[in-house]
Amino acid sequence: MTTLNKIFSLIILLTLTVSCGKDNDANFTLKGHIKGLKKGIVYLQKDGDSSIVDLDSMSITGQPEFTLHTNIEEPILLYLKLFKNDGEEHYIPFFADKGVTKINTTLKSFSYDSEITGSKHQELLEEYLGVMSKFNSQNLDIIEASFIAQQKNDSIALDSLDNLSNNIIKRKYAYTIQFAMNNKDNAIAPYLALYEAQHANPVYIDSIYNNLSLEVKNSLYGKKLGEVIARRKSSD
């Protein structure tokens, strides 16, 4: 073997060692399949202090499967981003925990066709979003009916539909608060209080926080919720 060949062999060996080391150090793996994708880049991302942070990425060149890795300390919302150079953003948010999560979706409806299997937190998030989807569907029906009522100058119908819309908003908040209270031992509870019920009555947000288990209070979203409550009380 020539000296040059030895150098190339050493470089390849070092590259493989670094790559394997990265995979071995990671405690979270995302495996996925995007039907119909021939070329693009997939990213594993998380929320940073002021911007989205890339954790891992992989180029797709013919194969629809991908595997991404990272290290997470606790359950956290992550994002699968697809870049396919079409000028649009394509994201799938999901709740990750240590171990393996799988996402199967399609190129045609990347965000809407996704099937996600993995953590208990993701199962709870999907259960919650399923109910929210029904509320949103009802609200769309009200919006359509309101448009027709406006065209007919039917003020009575508009008032009735406005009351129905406000009632749906109240029901959404009520369900979110109850769902968080019922899952006080899961990071989904403070997450929902932070991002889905932030405009609810502060009394209910305080109740969610006070009922969290000690472990969840000390989690990423538990600490953030505690900080939000502390800032609110200090400004009162």
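Residue numbers start at 1 and run along the sequence shown.
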Return yes if some donor-acceptor pair links the side-chain N/O of [X] with the main-chain N/O of [Y] below 3.5 Å, else return no.
X	Y	result
S137	S133	no
N139	F135	no
S160	I156	no
N201	V203	yes
S111	Y91	yes
D154	A157	yes
N167	N163	no
S165	L161	no
D162	L158	no
Y221	L192	no

Transitively linked via ILVMFWY side-chain contacts under 4.5 Å: [X] with [Y]?
X	Y	result
V131	I188	yes
L164	I169	no
M132	I143	no
V100	L80	no
F95	L129	yes

Contact summary for [X] and [Y], nearest pair of heavy atoms:
X	Y	result
N218	K223	O-CE, 3.1 Å
A193	L225	CB-CD2, 3.9 Å
L212	P190	CD2-CD, 3.8 Å
H69	A26	CB-CB, 3.7 Å
P75	A187	CB-CB, 4.2 Å
A189	N183	CB-O, 3.4 Å

Check against side chain to side chain donor-acceptor pair (under 3.5 Å), E115 and N104: CA-CA 5 Å; E115 296 179 357; N104 292 326; 5.1 Å; no
Working to the nearest 0.5 Å, report the span between [atom1] of [X] and [atom2] of [Y].
X	Y	atom1	atom2	value
L78	T70	CG	OG1	7.5 Å
F147	Q150	CZ	CD	7.5 Å
K134	N136	NZ	CG	12.5 Å
K39	F83	NZ	CZ	10.5 Å
Q45	D56	CD	CG	11.0 Å
K98	I76	NZ	CD1	12.0 Å

Cation-pi, Y43 ring and K81 (6.0 angstrom, 45 degrees): yes
Over-ring placement of K31 relative to F66, 6.0 Å and 45° cut-offs: no
Centroid-centroid distance, Y204 to Y173, less than 6.0 Å: no
Flag the pair [X] / [Y] as yes when at least one side-chain heavy-atom distance between them is below 4.5 Å, and no otherwise.
X	Y	result
N186	H121	yes
I116	T105	no
T61	Q63	yes
K233	D206	yes
P202	R232	yes
I92	I103	yes
L37	L82	yes
I41	I60	no

Distance-only polar pair, side chains of S119 and D97, donor-acceptor under 3.5 Å: no
Aromatic plane relationship, Y128 with F179 - under 30° parallel, 30 to 60° tilted, over 60° perpendicular: tilted
Mutual orientation of the aromatic rings belonging to F94 and F28 [parallel < 30°, tilted 30-60°, perpendicular > 60°]: parallel
Exceeds 12 heavy-atom contacts within 6.0 angstrom, atom [atom1] of [X]:
X	atom1	value
K46	NZ	no
E215	CD	no
E144	CD	no

Verdict with reasoning, Y79 to D47, per side chain to side chain donor-acceptor pair (under 3.5 Å): CA-CA 9 Å; Y79 304 94; D47 288 312; 2.9 Å; yes
Worked verdict on M181 versus S207 for side chain to side chain contact (heavy atoms under 4.5 Å, CB included): CA-CA 8 Å; M181 296 284 280; S207 295; 4.3 Å; yes
Trace of the side chain to side chain contact (heavy atoms under 4.5 Å, CB included) decision for L44 with D54: CA-CA 6 Å; L44 181 61; D54 291 338; over 6 Å; no
K120 and D185 ion-paired at < 4.0 Å: no
Chi angles and distances behind the side chain to side chain contact (heavy atoms under 4.5 Å, CB included) call for I229, I205: CA-CA 8 Å; I229 292 173; I205 302 301; 4.2 Å; yes
